[in-house]
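Read through the structure below, which is laid out as structure tokens, and then see the notes.
Values below: every heavy atom of this structure, side chains too, minus hydrogens, waters and symmetry copies.
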Amino acid sequence: MVQLEQFTTPVNTPVDHVVSRMRALETHLPPRDGLAVFNRVYLAVTEAFDRRLDAGAFPDAEAAITLDVRFAERYLRVAEDDHAPACWRPLLQFRRHPGVRPMQFALAGINAHIGHDLALAVVDACRTLDCEPADLEDEFERVGDLLVSLEERIREELMPGPDLLQIADPLTHLLGAWSMERARAATWSAARALWALRRLPDVTEEFTDRLDAAVGFASRMLLTPLPD
């Protein structure tokens, strides 16, 4: 469990509070820790979201903030408390493995956060705002656009240069096996299904557990140790 110091900077919005917690994690996690790799890029994107929010880029600011914060809180519970659903366990287990490259840690974090956490965050936000998933579709798409920027940032910062990433490199094949667009589409379908099943708790629990396990399996594959 990471012990965090309290920041003295005033917290003005729930998003500011999320940013503050991610900055605290950045301070306490070892730089090469697999979770730290994901946290750095997620922090940068959350700061960008906060700037766009301040600039009035979101027509329904309340809905955007609610979805963003519910989404981030699911990651923060993992990072701060080691409260890890199955989708996050591979990253926590392999976070210090010398054979796993930074790009793999980052993609495994994206996979867990989008494939599992985002679907549940949509349901969380609908309950908070007393609305239907369809009412949040615009906000979902805007958050999705930020996630695309997250993936782009990861590739810019962590992907080897074109002269280093060869066709024969196993990392090339791992990267080609995962798609942001497919993950976003599957997440939206999962969120709608979970909302439709909300009055059937046993079925909801089974669906959620299987979603968690399936996403965790994909994360484990993304974290396959590779030769140098």
query: Going through the distances and angles, do R198 and R127 end up as a side chain to side chain contact (heavy atoms under 4.5 Å, CB included)?
result: CA-CA 10 Å; R198 67 191 183 281; R127 287 181 173 141; 3.9 Å; yes
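- A donor-acceptor pair under 3.5 Å links the side-chain atoms of D212 to the main chain of A86, judged by distance alone.
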message: Apply side chain to side chain contact (heavy atoms under 4.5 Å, CB included) to residues L67 and E139 and explain how you reach the verdict.
response: CA-CA 8 Å; L67 180 56; E139 284 67 38; 4.2 Å; yes
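- At distances below 3.5 Å, at least one donor-acceptor pair connects side-chain atoms of Q104 with backbone N or O atoms of R101.
- Note that CE of M22 is 9.5 Å distant from CD of E80, once rounded to the nearest 0.5 Å.
- A salt bridge between R40 and E26 is absent, with no side-chain N of the basic residue lying under 4.0 Å from a carboxylate O of the acidic one.
- Taking 4.5 Å as the limit, some side-chain heavy atom of F140 sits within range of a side-chain heavy atom of T187.
- Other residues, nucleotides and ligands place more than 12 heavy atoms under 6.0 Å from the CD atom of E141.
- Transitive grouping of hydrophobic side chains (ILVMFWY, heavy atoms separated by less than 4.5 Å) keeps V215 and F94 in distinct clusters.
- Across all their heavy atoms, A36 and P30 have their closest contact at CB-O, 3.2 Å.
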- request: Kindly determine whether H113 and L118 satisfy side chain to side chain contact (heavy atoms under 4.5 Å, CB included), including the steps that lead there.
  value: CA-CA 6 Å; H113 202 38; L118 183 54; over 6 Å; no
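- Both L92 and Y42 are members of a single hydrophobic cluster when ILVMFWY side chains are connected at heavy-atom separations under 4.5 Å.
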task: Determine, step by step, whether F58 and D138 satisfy the side chain to side chain contact (heavy atoms under 4.5 Å, CB included) criterion, reporting the C-alpha distance in whole Å, the side-chain angles of both residues, the deciding distance to 0.1 Å, and the verdict.
output: CA-CA 9 Å; F58 297 92; D138 288 345; over 6 Å; no
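- The closest donor-acceptor contact from the side chain of R21 to the backbone of L76 lies at 3.5 Å or more, if one exists at all.
- Minimum heavy-atom separation, R142 to A57: NE-O, 4.2 Å.
- Nearest heavy atoms, A190 versus L211: CB-CD2, 4.3 Å.
- Considering only heavy atoms from C-beta on, V37 stays 4.5 Å or farther from P31 through its side chain.
- Not a single donor-acceptor pair under 3.5 Å links the side chain of H17 to the backbone N or O of T13.
- Note that CD of Q93 is 13.5 Å distant from CH2 of W88, once rounded to the nearest 0.5 Å.
- With contacts defined as side-chain heavy-atom distances shorter than 4.5 Å, the pair W188/P133 qualifies.
- Linking Ile, Leu, Val, Met, Phe, Trp and Tyr whenever their side-chain heavy atoms come within less than 4.5 Å puts V45 and L91 in one cluster.
- The minimum heavy-atom distance between P14 and V69, with the atom names listed, is CB-CG2, 3.7 Å.
- The two residues W195 and C126 have their closest heavy-atom pair at CZ3-CB, 3.5 Å.
- When the side chains of ILVMFWY residues are joined at heavy-atom separations under 4.5 Å, either directly or via intervening members, F38 and V143 end up in a single hydrophobic cluster.
- Between L129 and L136 there is a side-chain heavy-atom pair separated by less than 4.5 Å.
- The local environment of CZ in R220 is crowded, with over 12 non-hydrogen atoms from other residues, nucleotides or ligands closer than 6.0 Å.
- If you take NE2 on H97 and OG1 on T224, they are separated by 10.0 Å, rounding to the nearest 0.5 Å.
- Looking only at side-chain heavy atoms (C-beta outward), L222 and F105 stay at 4.5 Å or farther from each other.
- The side-chain hydrogen bond (donor to acceptor under 3.5 Å, both in side chains) check on N39 picks up Y75, with sequence neighbours excluded.
- Checked for salt-bridge contact, E132 and R192 miss the test: no charged N lies under 4.0 Å from a carboxylate O.
- In this structure, L120 and T208 have side chains that are in contact, with non-hydrogen atoms separated by less than 4.5 Å.
- The nearest pair of heavy atoms linking C87 to S219 is O-OG, 3.5 Å.
- Put simply, CD on E205 and CG on L194 are 12.0 Å apart, with the number rounded to the nearest 0.5 Å.
- Criterion: ILVMFWY side-chain heavy atoms under 4.5 Å apart, direct or through other members. Under it, L29 and L43 are part of a common hydrophobic cluster.
- Expressed to the nearest 0.5 Å, how far OG1 of T46 lies from CZ of R51 amounts to 10.5 Å.
- Of the inter-residue distances, the one linking D124 atom CG with T128 atom OG1 reads 6.5 Å to the nearest 0.5 angstrom.
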